[in-house]
Amino acid sequence: MSQTVNSRPEQGVLPGLGAGRRRAAKPEPQPAEARPVAVCSLELSSPQLDRTFDYLVTPALDHLAQPGVRVAVRFGGRQVGGFIVERRERSDHPGKLSPISRVPSGLPVLTPGLWRLANAVAERQAGAVWDVLRLAVPAAHVSTEKRLLARWAGGPGGEGGDGPAGADGPGGLGGIGGGGPADPVPECLEGLVAGLRAGRRQRAAWTHLPGDDLANGLAAAVAAAWAAGGQTLVVAASDRMVAQVAGALPKGCRVARLVADDGPQARLEAYWSGARGEADVLVGTRAAAFAPLARPALLVLVGDGDSALREPRAPYHHARTVMAVRAGQEGASLLVAGLGRSVEAQALVESGWLGSLAAERPAVRAATPVVHAPTAEDLAAEGATAASRLPGAAFRLIRRGLADGPVLIQVPSAGHVKAGLERTADELARAFPAARVERSGGPGGRLGQVGPEPVLAVATPGAEPVARGGYAAAVLLDAGTWAGRPALDSAVDALRIWLTAAALVRPRQPVLLAGSDGGGAAQALVRWDPVGLAARDLAERRSLGLPPAVKAVVFEGTQAAVEELMSGVQLPESARLIPDQDRTVLLVGLDQARSTVAAVRAAVRAKAVGGRSTGRVRVRVDGELG
């Protein structure tokens with residue numbers, strides 16, 4: 001073949017020196033006998049380089065340089081890493097191809113399905129494919145890769161998702177769903193489990209109850225997918241949730257954890273066990289949403305609405321988005337679970353793309369604590385102490401609770417600030433000198449569990465320790481801190497935070513919501529009705545033209561930089577650009593979302609190519625507005 005690297009020009013020879021002093025010309029690399037062109041995705045950060053590049057496969061690397069493996073190549077005078085996407089007979093590149101420098105292990109860690117998924121997510125987020133891949137594929141660990149390659153010399157045992165990418169769900173890019181229609185949406189968890197056992201494709205948002213409801217429901221769903229011969233991927237919002245989920249799975253099924261804290265070796269082994277088909281269930285945190293499965297049957301997201309499920313790095317995707325796209329590409333079932341209900345999940349329910357699974361009111365009342373949010377009349381009757389951060393009602397509830405077991409106190413922040421954990425714990429220690437006070441959250445670390453004996457557990461949101469046998473009571477302080485935030489999701493977020501703490505209290509035992517304004521989030525907690533709050537919030541956003549009823553693209557940068565970036569973008573007439581200091585929000589209808597996001601992505605690349613220097617702009621599709 002003619003596609004070989006250019007020979008290096010010989011250096012000039014000084015007059016009078018013999019030919020024996022001349023350096024021999026470096027021989028041109030020869031192509032492999034079959035499919036000598038490797039199409040590679042490279043670790044390049046510039047938006048204009050977000051594409052594949054062709055390299056030459058030499059005979060020496062032919063057996064290792066297969067699709068999916070890591071490679072090292074020369075690019076721009078330096079060595080960069082990347083992956084082989086495919087092998088071809090010919091290249092469209094008009095010049096000679098540089099050879100692949102090195103193949104570290106030969107383990108195909110980038111599967112065809114993951115490559116399609118990474119491209120789809122990058123397109124939706126107006127981002128770069130490599131930004132997705134660096135998060136999706138575990139970091140290289142060459143000794144582990146070589147050991148896995150030797151163990152499974154035949155390569156992956158199969159990898160799902162080879163079907164067509166599928167059409168978008170409701171609203172195209174405006175929604176998060178992908179793929180064609182599923183089987184009729186289930187109306188209850190039992191119906192979903194029966195559908196999984198029969199091999200039907202099911203999609204639902206499940207608002208589970210406190211106690212063992214989540215564990216029992218997940219175990220039943222996973223067992224059904226397992227019985228049908230499929231694998232399950234569970235993505236949870238925290239390491240603690242991962243441990244809880246893993247402990248609840250059916251006995252006998254092979255479970256692999258994909259958590260960053262376990263280290264690169266363990267993470268790579270878990271990742272490969274899913275791609276190989278050795279693990280029946282893969283459980284992990286946010287990045288595990290990309291983990292390949294050989295026989296994808298069920299995808300589960302646990303902790304719907306939790307901010308930990310949104311990636312803080314480019315391209316700023318949400319795990320819910322990734323798993324919804326996967327469900328469409330791979331023909332898998334999808335279960336979005338949480339104590340609360342995000343507005344985004346509710347939008348998919350109301351569009352018909354997801355079913356809604358929620359318990360009937362009698363079951364809700366039997367499984368949940370009794371929540372009291374003082375009204376204006378209650379506060380008036382309380383007298384002078386009603387205005388204090390720890391009103392008299394809180395002291396009375398704590399005293400009664402300590403007579404029967406541990407009591408949980410949730411505070412909004414750590415430290416000695418006025419509303420902080422340390423200051424609150426000190427105040428409670430003085431008020432209840434006979435009680436032991438435990439702290440959880442902040443610099444002091446998180447306490448995993450407390451016993452059934454009387455103790456005051458003071459914790460920040462997300463760090464609430466579990467009490468063996470459940471808490472006898474709980475006080476949720478400074479409720480207005482969450483519900484009163486100037487953010488679009490403040491009410492739904494506040495409810496989720498309160499539900500997480502209240503769910504640790506024994507059924508029908510008291511919970512006091514202190515410092516609340518008595519608004520919609522507080523009333524939803526009293527009724528234990530997260531679905532109702534999400535539905536009301538969504539209806540209000542529709543009337544105001546706010547996400548997820550429309551698509552939002554957030555530009556972070558100076559006004560001049562944003563104007564320069566968008567100067568060549570033809571926006572629909574219905575689009576709204578809302579500037580706000582160093583941030584600009586673009587709102588566009590869902591029917592025009594795909595073309596608009598594509599135009600923004602092209603503008604980012606064009607700006608990088610042009611080298612314009614008005615200022616850097618960070619683009620976040622579906623970014624937070626508040």
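Predicted, not measured: the structure shown is a model, and the values here were computed from it.
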Flag side-chain contact, heavy atom, 4.5 Å: L218 against V302
yes
Does the R541 side chain pair with the main chain of P547, one donor and one acceptor, at a distance under 3.5 Å?
yes
Is the number of heavy atoms from other residues, nucleotides or ligands within 6.0 Å of CG (N216) greater than 12?
yes
Distance-only, no hydrogens or angles: does the D529 side chain make a donor-acceptor pair with backbone N or O of G532 under 3.5 Å?
yes
Give the intermediate values and the outcome of side-chain contact (heavy atoms from CB on, under 4.5 Å) for residues L42 and L49.
CA-CA 9 Å; L42 302 183; L49 300 178; over 6 Å; no
For V300 and W206, run side-chain contact (heavy atoms from CB on, under 4.5 Å): C-alpha distance rounded to whole Å, both residues' side-chain angles, the deciding distance at 0.1 Å, then the answer.
CA-CA 10 Å; V300 182; W206 175 35; over 6 Å; no
Closest approach of G217 to L189 (non-hydrogen atoms, all atoms of both residues):
CA-CD2, 3.6 Å
Residues R446, E464; criterion salt bridge (Lys or Arg N to Asp or Glu O under 4.0 Å); working and verdict:
CA-CA 8 Å; R446 184 163 56 190; E464 300 91 347; over 6 Å; no
Scanning both residues in full, the closest heavy-atom pair of L209 with A367 reads CD1-CB, 4.0 Å
State, with a plain yes or no, whether a side-chain heavy atom of R51 is found less than 4.5 Å away from one of V129.
no
Does the distance from a Lys or Arg side-chain N to an Asp or Glu carboxylate O, for R295 and E330, drop under 4.0 Å?
no
Okay, side chain of Q410, backbone of I497: is any donor-acceptor separation there less than 3.5 Å?
yes
Side-chain touch L538/E350, heavy atoms, less than 4.5 angstrom:
yes
Less than 4.5 Å apart, any side-chain heavy atom of T321 and any of H318?
yes
Could you grab the distance from atom OG1 of T144 to atom OH of Y271, nearest 0.5 Å is fine?
14.5 Å
Below 3.5 Å, can you tabulate the donor-acceptor pairs from side chains in residues 599-606 to any protein atom, sequence neighbours excluded?
residue	atom	partner	partner atom	Å
R601	NE	G127	O	2.9
R601	NH2	D50	OD2	3.2
R601	NH2	G127	O	3.1
R605	NH2	D50	O	3.4
R605	NH2	D50	OD2	2.8

Please walk me through it: do D280 and R254 pass salt bridge (Lys or Arg N to Asp or Glu O under 4.0 Å)?
CA-CA 5 Å; D280 300 309; R254 298 164 297 180; 3.0 Å; yes
Reported CD-to-OG distance for the pair Q244 and S238, which is rounded to 0.5 angstrom:
7.0 Å
Nearest 0.5 Å please: distance from the CD atom of Q346 over to the CZ atom of R536.
10.5 Å
Could you point out which residue of L335, V336, L299, L117 forms a side-chain contact (heavy atoms from CB on, under 4.5 Å) with M323?
L299
Could you give me the CA-CA distance, side-chain angles and deciding distance for V553 and T596, then say whether side-chain contact (heavy atoms from CB on, under 4.5 Å) is met?
CA-CA 9 Å; V553 182; T596 302; 5.5 Å; no
Salt bridge K551-D591, side-chain N to carboxylate O under 4.0 Å
no
Please tell me if the side chains of W498 and W482 come closer than 4.5 Å, counting only heavy atoms from C-beta onward.
yes
Could you walk me through whether E556 and R620 pass salt bridge (Lys or Arg N to Asp or Glu O under 4.0 Å), step by step?
CA-CA 8 Å; E556 296 178 1; R620 296 174 181 253; 3.1 Å; yes
Nearest 0.5 Å, please: how far is OG in S356 from CG in L354?
9.0 Å
Could you tell me whether the side chain of Q202 and the main chain of P186 form a donor-acceptor pair under 3.5 Å?
no
Knowing that exactly one of R341, R310, R496, R320 qualifies, which makes a salt bridge (charged side-chain N to carboxylate O under 4.0 Å, His left out) with D304?
R320
Closest non-hydrogen atom pair, T368 against P210:
CG2-CD, 3.8 Å
Give me the atom names and distance for the closest heavy-atom approach of P530 to L499.
CB-CD1, 4.1 Å
Residue pair Q592, S574: steps toward the side chain to side chain donor-acceptor pair (under 3.5 Å) verdict
CA-CA 9 Å; Q592 297 161 323; S574 60; 2.9 Å; yes
Does some side-chain heavy atom of V621 sit less than 4.5 Å from a side-chain heavy atom of Y316?
no
Verify, without hydrogens or angle tests, whether R616 (side chain) and G557 (backbone) share a donor-acceptor contact under 3.5 angstrom.
no
Kindly say whether A294 contributes a backbone atom to a donor-acceptor pair with the side chain of Q231 at under 3.5 angstrom?
yes
Rounded to the nearest 0.5 Å, the CG atom of L233 sits from the CG atom of L298 at a distance of 8.5 Å
If we only count heavy atoms from C-beta on, is the F290 to V137 side-chain gap below 4.5 Å?
no
Give a yes or no answer on whether the side chain of T460 reaches the backbone of A463 with a donor-acceptor pair at less than 3.5 Å.
no
Can you give me the closest heavy-atom contact between H141 and P264, atom names plus distance?
CD2-CG, 4.1 Å
Check: D261 and D239 side chains under 4.5 Å, non-hydrogen atoms
yes
Rounded to the nearest 0.5 Å, how far apart are CZ of R583 and CZ of R618?
11.0 Å
Verdict with reasoning, H208 to L339, per side-chain contact (heavy atoms from CB on, under 4.5 Å):
CA-CA 5 Å; H208 63 83; L339 279 166; 3.5 Å; yes
Do you know the tightest heavy-atom contact between P250 and W226?
CB-CZ3, 4.1 Å
Hey, does the side chain of S351 reach the backbone of W353 with a donor-acceptor pair shorter than 3.5 angstrom?
yes
Using salt bridge (Lys or Arg N to Asp or Glu O under 4.0 Å), reason through R70 and E43 one step at a time and then give a plain yes or no.
CA-CA 11 Å; R70 304 182 203 265; E43 189 177 356; over 6 Å; no
